[in-house]
Amino acid sequence: IIINKDMFYRDIYWDRYFVDDKIKIDVIEKMIKFDTLEKIAKVKGAATVGEAYEIKDVLVDVCNFNCNEMKKFINTGSIDKDVEANVIRFGKNEDNNVVITVNGYAKEGYGRFSLEYNNEDLGEFNLSVPGEHNVYNATAAIMASYVSGVSLDDIKTGIEMYTGVGRRFEDKGNMKIGAKIIDDYAHHPTEIKATLKAVKNMGYDKTIAIFQSHTYTRTESLLDEFAKSFNDADVVIIADIYAAREKFTDSVSGLKLADEIRLQVSESQEVLYIGNFDSIVKHVESIACENDIVLTIGAGDVYKVGEMLRV
């Protein structure tokens, strides 16, 4: 089970799909709060998290714990609260149980890195998915497998064979001009930053990011963070917000989001609000060049823009 930063914002309805899982190894990334597990335990009818789950190991991605709240979360021991578990911290610093050393990136942005676990050299691992964030994701998967008894040879083979899932940096083909089209489900500021950072290692001339924010409530509550998430894009195009289950509200909009982003980026970056997909496609076709990359980003139906642009 991977518990990630999105769960900080979900209510118990969206956590229900975890309820019947038997958690043995828990991976904690970024903004997780212990009360998420407590809420799930309550739904299961258990008095405590320890009663609800038989957690054997807790893997903690310490590279993302930079804020005071998360440092306190670790240092006070509240991470295991009433759960007896072996806490395995991983990151780049030498004081972690698992020390990550990034050895480089291939032209496609695929990471190559080494791991040391409690002074044991686990060797080098090669990825077939791009970005530094996937180095950390892979480390979590590697260590969860390793402490479960899977051989290192099998882990290394499996990690290298993994090429991602649909809507996670998914190659959608090329435009007629030759520009690469990538679709990514990123709908949280941290994910957007990671996706755009991954592209920087790939050698494209220009990055065109088309973002469709997901729900009015998320957009409004994370407006400041969204505004600071596009520094690695050359052109940012904001579509109308994808309402999903929500009713329209005029308190936040794609136009407002574009205005906020424009205040945070450099003068060399272009930020546009273009509400509908047909107009977005027309504009991208007028500015994209052969060695550019076009990213459709968001959890709604923004992937359709890529399909409209594809040859």
Side-chain angles (χ1 to χ4, degrees), residues 4-15 17 30-31 133 165-170 172 181-199 207-266 269-288 293-310:
N4 65 26
K5 62 275 176 188
D6 282 343
M7 295 201 54
F8 182 85
Y9 300 101
R10 289 175 176 152
D11 58 26
I12 193 62
Y13 175 83
W14 293 102
D15 292 332
Y17 63 92
K30 302 175 180 72
M31 294 184 69
H133 62 294
V165 296
R167 301 221 60 204
R168 285 299 188 186
F169 216 89
E170 182 179 3
K172 303 294 285 189
I181 305 169
I182 296 291
D183 178 61
D184 197 280
Y185 191 76
H187 56 286
H188 184 279
T190 306
E191 296 171 337
I192 296 167
K193 289 177 184 178
T195 297
L196 293 174
K197 184 177 180 181
V199 174
T207 299
I208 302 170
I210 305 163
F211 178 59
Q212 179 192 47
S213 193
H214 188 267
T215 75
Y216 298 108
T217 53
R218 178 184 280 115
T219 306
E220 190 166 27
S221 64
L222 297 177
L223 188 63
D224 290 343
E225 293 178 60
F226 277 128
K228 300 173 183 176
S229 299
F230 293 89
N231 291 336
D232 287 325
D234 298 292
V235 179
V236 181
I237 299 173
I238 303 299
D240 285 329
I241 295 170
Y242 187 81
R245 59 195 179 275
E246 297 181 345
K247 294 182 180 180
F248 172 77
T249 174
D250 58 4
S251 62
V252 68
S253 65
L255 176 59
K256 183 175 181 180
L257 176 57
D259 289 340
E260 292 297 322
I261 294 171
R262 198 174 291 111
L263 294 174
Q264 299 296 330
V265 300
S266 67
Q269 294 173 269
E270 185 178 19
V271 181
L272 302 168
Y273 162 69
I274 307 177
N276 67 80
F277 291 173
D278 287 336
S279 297
I280 291 174
V281 169
K282 185 177 180 179
H283 183 73
V284 172
E285 287 178 337
S286 72
I287 65 171
I293 183 169
V294 178
L295 296 110
T296 54
I297 304 172
D301 59 356
V302 69
Y303 64 89
K304 293 179 181 178
V305 173
E307 294 175 351
M308 294 164 71
L309 287 166
R310 185 173 56 199

Scanning both residues in full, the closest heavy-atom pair of A233 with A209 reads CB-CB, 3.9 Å
| query | Hey, are Q212 and D301 close enough side-chain-wise for a donor-acceptor pair under 3.5 Å? | reply | yes
Next item on the list: Apply salt bridge (charged side-chain N to carboxylate O under 4.0 Å, His left out) to E191 and R168, showing your working.
Entry: CA-CA 10 Å; E191 296 171 337; R168 285 299 188 186; 3.6 Å; yes
Quiz item: Side-chain contact, heavy-atom cut-off 4.5 Å: R245 with T215?
Solution: yes
### Message
I'd like to know if the side chain of Q269 pairs up with that of S266 as donor and acceptor (distance under 3.5 Å, no hydrogens or angles considered).
### Response
yes
F169 and A198 have their tightest heavy-atom pair at CE1-CB, 4.5 Å
d(I287 CD1, L272 CG) to nearest 0.5 Å is 7.5 Å
To the nearest 0.5 Å, atom CZ of F277 lies from atom NZ of K304 at 7.0 Å
Of all heavy-atom pairs linking A227 and Q264, the shortest is O-CB, 3.2 Å
For Y242, the ring pair (Phe, Tyr, Trp, His ring centres under 6.0 Å) test, sequence neighbours excluded, returns H214
Exercise. Using a 4.5 Å cut-off on heavy atoms from C-beta on, say whether the side chain of T207 contacts that of L196.
Key: yes
When rounded to the nearest 0.5 Å, the distance separating CG of D232 from CD1 of I192 is 12.0 Å
Between the CD1 atom in I241 and the CZ atom in R218, the distance rounded to the nearest 0.5 Å is 11.5 Å
Indicate yes or no for a side-chain donor-acceptor contact from R310 to the backbone of I181 under 3.5 Å, with no hydrogens or angles considered. no
**Asked** Do V281 and V305 have side chains that get closer than 4.5 Å, going by heavy atoms?
**Response** yes
inquiry  = Checking E225 against T190 for the side chain to side chain contact (heavy atoms under 4.5 Å, CB included) test, could you report, in this order, the C-alpha distance in whole Å, the side-chain angles of both residues, the deciding distance, and whether it holds?
reply    = CA-CA 9 Å; E225 293 178 60; T190 306; 5.5 Å; no
- Flag, side chain of E246 to backbone of Y216, donor-acceptor distance under 3.5 Å: yes
Closest non-hydrogen contact found for G254 with I238 is O-CG2, 3.4 Å
Between V294 and the options D183, I182, I210, the side chain to side chain contact (heavy atoms under 4.5 Å, CB included) test singles out I210
Here the side chain to side chain donor-acceptor pair (under 3.5 Å) pairs for residues 277-287, sequence neighbours left out, are N276-S279
Residues 253-262 vs salt bridge (charged side-chain N to carboxylate O under 4.0 Å, His left out), sequence neighbours excluded, gives D259-R262
Worksheet entry | Test item: F211 and V302 side chains (from C-beta on) under 4.5 Å apart, heavy atoms | no
Result for side chain to side chain contact (heavy atoms under 4.5 Å, CB included) between E270 and one of I237, V235, V265 points to V235
For A258 and Y273 the tightest heavy-atom approach is CB-CB, 3.8 Å
Looking only at heavy atoms, the pair that brings A186 and T195 closest together is CB-OG1, 4.0 Å
NZ of K193 to CZ of F230, rounded to nearest 0.5 Å, is 10.5 Å
Rounding to 0.5 Å, atoms CZ (F226) and CD1 (I261) come to a distance of 9.0 Å
